[in-house]
Number of protein chains: 4
Amino acid sequence: MSRIDKKQAILDTALTLFVSQGFYATSTASIAKQAGVATGTLFHHFASKEALMNHLYISIKQEFADGIQSQISQKGDLEKDAQHLWQVAINWAMANPLKQEFFQQYSMSPSIASQVRQQAMNSILGFMGELIHQGQKAGVLADYPLPLMLESCHGQYLAATRYFLDNPESWKDETYKQSSFAMFWNAMKT
Amino acid sequence: MSRIDKKQAILDTALTLFVSQGFYATSTASIAKQAGVATGTLFHHFASKEALMNHLYISIKQEFADGIQSQISQKGDLEKDAQHLWQVAINWAMANPLKQEFFQQYSMSPSIASQVRQQAMNSILGFMGELIHQGQKAGVLADYPLPLMLESCHGQYLAATRYFLDNPESWKDETYKQSSFAMFWNAMKT
Amino acid sequence: MSRIDKKQAILDTALTLFVSQGFYATSTASIAKQAGVATGTLFHHFASKEALMNHLYISIKQEFADGIQSQISQKGDLEKDAQHLWQVAINWAMANPLKQEFFQQYSMSPSIASQVRQQAMNSILGFMGELIHQGQKAGVLADYPLPLMLESCHGQYLAATRYFLDNPESWKDETYKQSSFAMFWNAMKT
Amino acid sequence: MSRIDKKQAILDTALTLFVSQGFYATSTASIAKQAGVATGTLFHHFASKEALMNHLYISIKQEFADGIQSQISQKGDLEKDAQHLWQVAINWAMANPLKQEFFQQYSMSPSIASQVRQQAMNSILGFMGELIHQGQKAGVLADYPLPLMLESCHGQYLAATRYFLDNPESWKDETYKQSSFAMFWNAMKT
DNA sequence: AATGAATGAGCATTCATTCAT
DNA sequence: AATGAATGAATGCTCATTCAT
């Protein structure tokens with residue numbers, strides 16, 4: 001196993017254990033053991049348990065942002081574009097249940113320094129903020145205060161993925177799929 | 001200080017410290033010290049640190065449910081009733097910022113046994129479920145799947161309180177107040 | 001074993017182990033084990049290993065200062081008084097070999113914060129400084145710079161006790177006893 | 001940088017760090033890093049951290065002995081010769097403050113195997129012992145037991161250098177210079 | 001009921017040393 | 001010779017919990 005493999009094995013194992021047991025209930029020793037490396041190796045790659053957590057948080061957020069932005073399409077019809085975006089985003093969650101669960105748990109937890117959380121959030125909200133702003137200028141989205149709308153988007157996304165992760169078969173059911181988007185879209189539209 | 005005062009002092013202190021430092025970063029010794037009791041006393045009132053946490057969680061959820069239900073009014077106009085409910089609920093959060101923050105942090109955290117979380121959730125969702133069901137029968141609310149709507153309600157409420165707790169002055173601004181309800185209502189209505 | 005006994009047992013054991021193995025080679029676990037208490041107990045009485053060391057250092061220095069000063073006699077003949085003092089001081093070292101060895105090892109070591117060392121030193125040097133000053137006014141001691149004389153006294157005392165602790169039978173031999181004092185006294189006298 | 005340069009860089013860095021931070025507080029990694037070599041390189045040149053320390057101790061002691069012996073003069077007047085020796089020895093300490101500080105710290109510390117310490121000590125004490133013996137035969141030095149005198153010499157030298165290293169400007173002051181020698185010489189002379 | 005000293009398992013982290021490259 | 005990633009035993013310290021008073 002090469003260096004990079006070891007580092008990745010540590011990250012993968014940490015993600016699994018943090019999600020299934022929680023940050024504090026997961027010992028660095030157990031991460032190292034399950035990752036197949038020595039305890040020292042974990043600290044060779046990450047300065048501390050907290051640094052490992054932060055790295056995990058930021059890199060997964062980035063992975064999400066990259067995954068979404070690469071699939072965006074802007075065809076002019078804002079509602080269609082939004083629906084596409086909504087499906088892409090939930091698809092990502094369904095394809096990465098562990099990572100999505102990670103966010104559900106740690107987005108509000110004190111295990112992550114709020115500074116790190118802010119930083120990760122901004123990179124994504126910047127992009128969403130821009131989309132909403134365009135929708136408002138086009139008269140398609142309501143003129144609510146932007147920060148409130150962003151928070152609402154985030155809340156609805158978390159709620160929807162929470163539901164679909166707990167009931168994965170519903171995501172294949174067009175009724176559920178359409179309903180979840182309808183609630184999201186109606187909340188924002190003019 | 002009587003027995004009951006001591007028990008209450010422990011609960012109050014635990015709430016403050018759990019919110020400001022997190023569950024794991026708060027030692028039982030520090031709770032006892034700040035509450036002005038001996039370490040042993042905490043364990044006379046609560047079998048374990050976890051039991052203290054669960055007690056806190058359930059009693060606050062109950063307090064919330066009682067606070068809301070006592071102020072409900074059903075005057076026949078469902079939208080007006082919903083708006084009143086929305087304001088009452090957010091008012092509660094604004095009046096009890098520590099308790100609301102507590103939910104934001106621990107609603108998804110593994111610090112609370114999922115069993116306890118479910119139990120607390122059901123008592124509130126049962127009530128909300130009934131309201132939604134009535135709205136659908138009256139043709140005012142859309143016929144989306146109920147569990148999805150419940151999750152969405154919860155998500156929107158968390159998002160709105162998150163925003164208003166971070167920006168308390170906005171809650172006095174009618175624009176923000178109306179906007180937050182509008183998003184909530186439009187998401188659910190026919 | 002009462003509380004105080006436990007604390008004392010920890011101090012006694014720490015002294016023995018620090019002297020025989022050195023500060024860093026002595027684990028807190030080994031101190032606790034040999035003292036017959038739990039690891040936690042050590043940290044209940046001392047905030048850290050370093051705090052234990054400092055406590056040990058200061059209390060032994062104090063014990064030494066008290067032991068000496070209680071036996072001082074000032075009969076007017078400065079040389080006789082000095083000889084008495086010299087014997088009392090070396091007797092203390094011979095009666096407390098562990099504690100004396102402790103000073104030999106740690107008086108110059110970075111294991112003790114220099115601040116703590118200074119503080120302990122001052123309490124003793126203040127007393128010696130006064131004696132030397134009186135001897136100089138009486139014309140019996142040479143007018144060398146005071147700090148240099150203090151350092152020399154200390155150095156000679158450490159050298160003499162080093163020798164006598166390594167060769168305890170020599171301290172019963174009048175030739176050695178007289179010689180050690182002669183060197184000390186001749187160095188200082190007019 | 002050649003092999004020898006690297007080895008020397010390691011020794012120089014180790015000296016600096018051992019003196020400023022202590023033996024145990026200095027990691028081999030930090031020595032290697034500051035010396036500009038890889039961690040493994042340190043272990044190519046020295047079998048262990050302890051071996052590095054011993055090498056340092058012995059080579060500095062040798063350097064000191066060589067430096068002194070090369071400047072000895074024996075002109076027949078024992079007091080003049082002794083004064084010259086005293087000045088040469090203290091000059092060495094003032095010119096090599098780091099190395100002198102190293103001895104102050106480690107001469108009594110368990111960081112150095114007592115075997116190594118003895119070995120280094122003997123080479124110097126043999127030479128001093130011979131000088132004292134000659135002085136006694138000539139009737140200039142007092143007939144105290146030799147080992148006691150050697151220990152006293154060593155103690156006075158450590159005391160004097162301790163003072164002058166802490167107050168370097170005093171070494172340029174003839175009063176201090178003369179006083180320090182006077183105390184040393186009076187202690188030993190007939 | 002209340003106390004707080006005592007407990008000891010458990011944890012994050014360090015660091016001298018090794019060895020494949 | 002030189003490198004530096006990897007190792008894992010060892011350490012100082014924490015903290016929920018107990019129990020004699």
Side-chain angles (χ1 to χ4, degrees), chain A residues 1-7 10 24-33 36-52, chain B residues 1-4 6-7 10 23-33 36-52, chain C residues 1-7 10 24-33 36-52, chain D residues 1-4 6-7 10 23-33 36-52:
Chain A
M1 190 157 49
S2 79
R3 272 126 264 169
I4 293 170
D5 287 344
K6 295 208 179 208
K7 186 169 181 178
I10 291 168
Y24 288 101
T26 302
S27 69
T28 53
S30 71
I31 297 171
K33 190 172 185 180
V37 304
T39 46
T41 306
L42 189 155
F43 290 93
H44 183 71
H45 289 289
F46 304 96
S48 65
K49 190 185 179 183
E50 206 182 279
L52 166 58
Chain B
M1 191 156 50
S2 76
R3 278 122 263 166
I4 292 171
K6 294 208 178 202
K7 185 168 180 178
I10 291 168
F23 179 71
Y24 286 99
T26 302
S27 67
T28 53
S30 72
I31 296 171
K33 189 174 185 180
V37 302
T39 52
T41 307
L42 189 152
F43 288 91
H44 265 292
H45 291 289
F46 304 97
S48 67
K49 190 185 181 185
E50 205 181 281
L52 166 58
Chain C
M1 189 156 51
S2 79
R3 270 124 266 167
I4 292 169
D5 288 344
K6 294 208 179 209
K7 185 169 181 178
I10 291 168
Y24 287 101
T26 303
S27 70
T28 52
S30 71
I31 297 172
K33 190 173 186 179
V37 302
T39 44
T41 307
L42 189 155
F43 290 94
H44 184 70
H45 289 289
F46 305 96
S48 66
K49 188 184 180 185
E50 205 182 280
L52 166 58
Chain D
M1 193 156 50
S2 77
R3 278 122 264 166
I4 292 172
K6 294 207 178 203
K7 184 169 182 177
I10 291 169
F23 179 70
Y24 285 100
T26 302
S27 68
T28 53
S30 72
I31 297 172
K33 189 174 185 178
V37 303
T39 53
T41 307
L42 189 153
F43 289 91
H44 265 291
H45 290 288
F46 304 97
S48 67
K49 190 184 180 185
E50 205 182 280
L52 166 59

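Chain naming here is simple, since letters A, B, ... match the order of the sequence lines and numbering starts at 1 in each.
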* **Nucleotide nearest A38(C) (side chain, heavy atoms from C-beta), chosen from dT3(F), dA6(E), dG8(E)** =>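 Of the options given, the side chain of A38(C) lies nearest dG8(E).
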* Asked: Any idea which heavy atoms bring A32(B) and A38(B) closest together, and the distance?
  ->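 Between these two residues, the closest heavy atoms are CB-O, 3.8 Å.
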Send over the distance from [X] [atom1] to [N] [atom2], rounded to a whole Å.
| X | N | atom1 | atom2 | result |
| --- | --- | --- | --- | --- |
| L52(D) | dT17(E) | CG | C1' | 14 Å |
| F46(B) | dA1(E) | CZ | C1' | 15 Å |
| K7(D) | dT3(F) | NZ | P | 16 Å |
| K33(C) | dA6(E) | NZ | C1' | 19 Å |
| I31(B) | dC15(F) | CD1 | P | 11 Å |
| H45(C) | dA6(E) | NE2 | C1' | 8 Å |
| E50(A) | dC11(E) | CD | P | 18 Å |
| K6(C) | dA5(E) | NZ | C1' | 9 Å |

* Asked: Hey, are the side chains of T39(A) and I31(A) touching, using non-hydrogen atoms and a 4.5 Å cut-off?
  -> no
* Asked: Stem ranges for DNA chain E, with three or more consecutive Watson-Crick or G-U pairs under 3.5 Å?
  ->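 The stems that DNA chain E takes part in, listed by first number, are E:2-21 with F:2-21.
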* With sequence neighbours excluded, what pairs up with S27(B) under the side chain to side chain donor-acceptor pair (under 3.5 Å) test? -> S30(B)
* Answer yes or no on whether K49(D) is positioned over the face of F23(D), meaning its NZ or CZ is under 6.0 Å from the six-membered ring centre and within 45° of the axis. =>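 Yes, K49(D) sits over the ring of F23(D).
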Measure the spacing between [atom1] of [X] and [atom2] of [Y] and express it to the nearest 0.5 Å.
| X | Y | atom1 | atom2 | value |
| --- | --- | --- | --- | --- |
| T28(D) | L42(D) | OG1 | CG | 6.0 Å |
| F46(C) | T41(C) | CZ | OG1 | 11.5 Å |
| I10(C) | D5(C) | CD1 | CG | 11.0 Å |

Just the table, please: protein N/O against nucleotides 14-16 of chain E N/O, every pair under 3.5 Å.
{"residue": "dA16(E)", "atom": "OP1", "partner": "K49(D)", "partner atom": "NZ", "Å": "2.9"}
{"residue": "dA16(E)", "atom": "OP2", "partner": "T28(D)", "partner atom": "N", "Å": "2.5"}
{"residue": "dA16(E)", "atom": "OP2", "partner": "T28(D)", "partner atom": "OG1", "Å": "2.7"}

* Only one of K7(C), H44(C), K6(C), H45(C) forms a side chain to side chain contact (heavy atoms under 4.5 Å, CB included) with V37(C), so which one is it? -> K6(C)
* If you take atom types as modelled and just measure distance, does the side chain of H44(D) reach the base of dA2(F) with a donor-acceptor pair under 3.5 Å? ->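 Indeed, a donor on one side and an acceptor on the other fall under 3.5 Å apart.
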